[in-house]
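These notes are about the structure you will find just below.
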Amino acid sequence: MQSYHVIIPAAGKGTRMKREFNKLFIKLETMTILEHTLTAFQSDAACKGIYLAIHPRDRERMTAICARFDKIKAIVDGGDTRQESIYNALKQCHLDAQDVVFVHDGARPFISHHIIRQLSEGVREYGAAIVGVKAKDTIKVVERGMVVQTLNRALLWQVQTPQGATYDMLMKAYDKADQEHFEGTDDASLLENAGQAIHIVEGEYDNIKITTEEDLWVGRAFLEKRRNQHV
């Protein structure tokens, strides 16, 4: 079983959910969203270390929540953007060049061990890999309120996290982006910018990112589904 380390950016706000605090502190049944996410990695034997990138204002509460997760190796102050936060965490990892490193959204609490293992295998074989699901809907390009192109749905994937690479490759991609002032939308875009080919692992539609109030209702349904599967 291939071991890995994971960086979790957790410095966000609750703006889109109309909260005055970090949305990761929202309770999803008995635990916060962040605790659900941390549990997914804490309970995986292949996970050797968790690195959190946080906003300094949240340090006291984050430290309290994280006290029971002994795989957390560092809680690092993030930057002004997600990309800066991950870069700060990467520089605190001090791992071997070929160690597998994932980046996973703190607000994706439903990632499964099965998908994590497939992703790890993808990184080992290709150097970099991401998780995604095939697009269900037709996607159109729209400019100024008018449709200008319909994309081929058979070629489209909705990308999720974790996204992973070897530590050496991921650090080089972030170093290059920093030097060039390149802002990517995810880790894969930085790896692409560095010339790295990326393998995609077909994930699960359950692996949602909790962004809106409606997502909380969906999340509760997923928790109920998982309970029923284990009865």
Side-chain angles (χ1 to χ4, degrees), residues 1-11 24 31 33-54 62-63 65-76 78 82-83 85-133 159-175 186-192 194 196-204 206-207 209 226 230:
M1 184 163 50
Q2 181 60 55
S3 64
Y4 66 88
H5 300 255
V6 60
I7 294 170
I8 299 177
L24 297 183
M31 295 193 295
I33 294 170
L34 179 61
E35 287 173 292
H36 282 287
T37 303
L38 291 172
T39 298
F41 293 101
Q42 175 74 30
S43 61
D44 185 6
C47 179
K48 299 306 178 185
I50 302 170
Y51 299 80
L52 278 180
I54 69 164
M62 285 287 186
T63 301
I65 286 175
C66 294
R68 67 186 180 90
F69 297 96
D70 61 11
K71 289 186 179 181
I72 294 177
K73 304 301 183 185
I75 301 175
V76 179
R82 180 183 187 275
Q83 185 169 316
S85 295
I86 294 166
Y87 194 30
N88 287 353
L90 270 172
K91 288 184 282 190
Q92 294 295 317
C93 289
H94 308 301
L95 303 175
D96 292 336
Q98 294 305 306
D99 283 345
V100 174
V101 180
F102 297 153
V103 179
H104 184 67
D105 297 323
R108 288 189 191 271
F110 302 114
I111 183 63
S112 70
H113 291 172
H114 169 68
I115 296 302
I116 290 171
R117 288 187 177 85
Q118 287 191 309
L119 183 68
S120 185
E121 291 169 7
V123 172
R124 274 298 170 203
E125 185 170 353
Y126 299 97
I130 61 176
V131 174
V133 291
V159 175
Q160 304 173 340
T161 64
Q163 300 185 4
T166 61
Y167 178 69
D168 181 59
M169 176 54 66
L170 197 57
M171 181 59 86
K172 284 179 178 177
Y174 269 84
D175 283 341
D186 62 359
D187 306 283
S189 59
L190 271 63
L191 289 162
E192 292 169 49
Q196 174 65 36
I198 301 169
H199 175 66
I200 192 160
V201 169
E202 186 163 7
E204 299 165 332
D206 287 13
N207 184 27
K209 184 176 182 180
R226 288 187 174 186
H230 289 91

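We find the CG-CG distance between Asp168 and Asp99 to be 10.5 Å, quoted to the nearest 0.5 Å. Atom CD1 of Ile200 sits about 12.0 Å away from atom CD of Gln118, to the nearest 0.5 Å. Considering CD1 of Ile198 and CD of Glu192, their distance stands at 4.5 Å, rounded to 0.5 Å. Here the SG-CD1 distance, from Cys47 to Ile116, works out to 7.5 Å after rounding to the nearest 0.5 Å. Atoms OG1 and CG, on Thr166 and Asp96 in that order, are 11.5 Å from each other to the nearest 0.5 Å. The distance from the CD1 atom of Ile7 to the NE2 atom of His104 is 13.0 Å, given to the nearest 0.5 Å.
Enclosure of atom NZ in Lys71 by more than 12 non-hydrogen atoms of other residues, nucleotides or ligands within 6.0 angstrom is indicated.
Between Tyr167 and Leu90 the shortest heavy-atom distance is OH-O, 3.0 Å. Listed here is the closest heavy atom pair of Gly106 and Ile8: CA-CG2, 3.5 Å. Summarising the geometry of Ile115 relative to Val131, their closest heavy-atom pair is CG2-CG2, 3.7 Å, with the distance given to 0.1 Å. The minimum heavy-atom distance between His113 and Asp44, with the atom names listed, is NE2-CB, 3.6 Å. Of all the heavy atoms in Leu52 and Ala10, the pair that sits closest is CD2-CB, 4.2 Å. The shortest heavy-atom contact between Pro9 and Arg82 is CG-NE, 4.0 Å.
Taking the six-membered ring for Trp and thresholds of 30 and 60 degrees, His5 and Tyr51 have ring planes inclined between 30 and 60 degrees apart. Between Tyr126 and His199, the ring planes are parallel. Angles under 30° get that label, and only those over 60° would be called perpendicular.
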Q: Start with the C-alpha gap between Leu34 and Met62, add the side-chain angles, then the distance that decides, and say whether side chain to side chain contact (heavy atoms under 4.5 Å, CB included) holds.
A: CA-CA 9 Å; Leu34 179 61; Met62 285 287 186; 3.3 Å; yes

Q) Please walk me through it: do Leu119 and Tyr4 pass side chain to side chain contact (heavy atoms under 4.5 Å, CB included)? A) CA-CA 10 Å; Leu119 183 68; Tyr4 66 88; over 6 Å; no

Q.
For a side chain to side chain contact (heavy atoms under 4.5 Å, CB included) check, start with the C-alpha distance between Arg124 and Gln98, then their side-chain angles and the critical distance, and finish with the verdict.
A. CA-CA 9 Å; Arg124 274 298 170 203; Gln98 294 305 306; 4.0 Å; yes

Q: Let me see the working for Gln2 and Arg117 under side chain to side chain contact (heavy atoms under 4.5 Å, CB included), right down to the final yes or no.
A: CA-CA 8 Å; Gln2 181 60 55; Arg117 288 187 177 85; over 6 Å; no

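When atom types are taken as modelled, the side chain of Gln163 and the backbone of Asp187 share a donor-acceptor pair closer than 3.5 angstrom. A donor-acceptor distance shorter than 3.5 angstrom exists from the side chain of Asn207 to the backbone of Thr161, with no hydrogens or angles considered.
Of the residues listed (Val100, Val101, Val123), the one engaging Leu170 in a side-chain contact (heavy atoms from CB on, under 4.5 Å) is Val101, and it is the only one. Exactly one of Glu35, His36, Met31, Lys209 qualifies for a side-chain contact (heavy atoms from CB on, under 4.5 Å) with Pro109. That residue is His36.
Looking at Asn88 and Ser85, their side chains never bring a donor and an acceptor atom within 3.5 Å of each other.
Residues Glu204 and Phe110 fail the side-chain proximity criterion, which asks for heavy atoms closer than 4.5 Å. Between Val6 and Pro162, the closest side-chain pair of non-hydrogen atoms is not below 4.5 Å.
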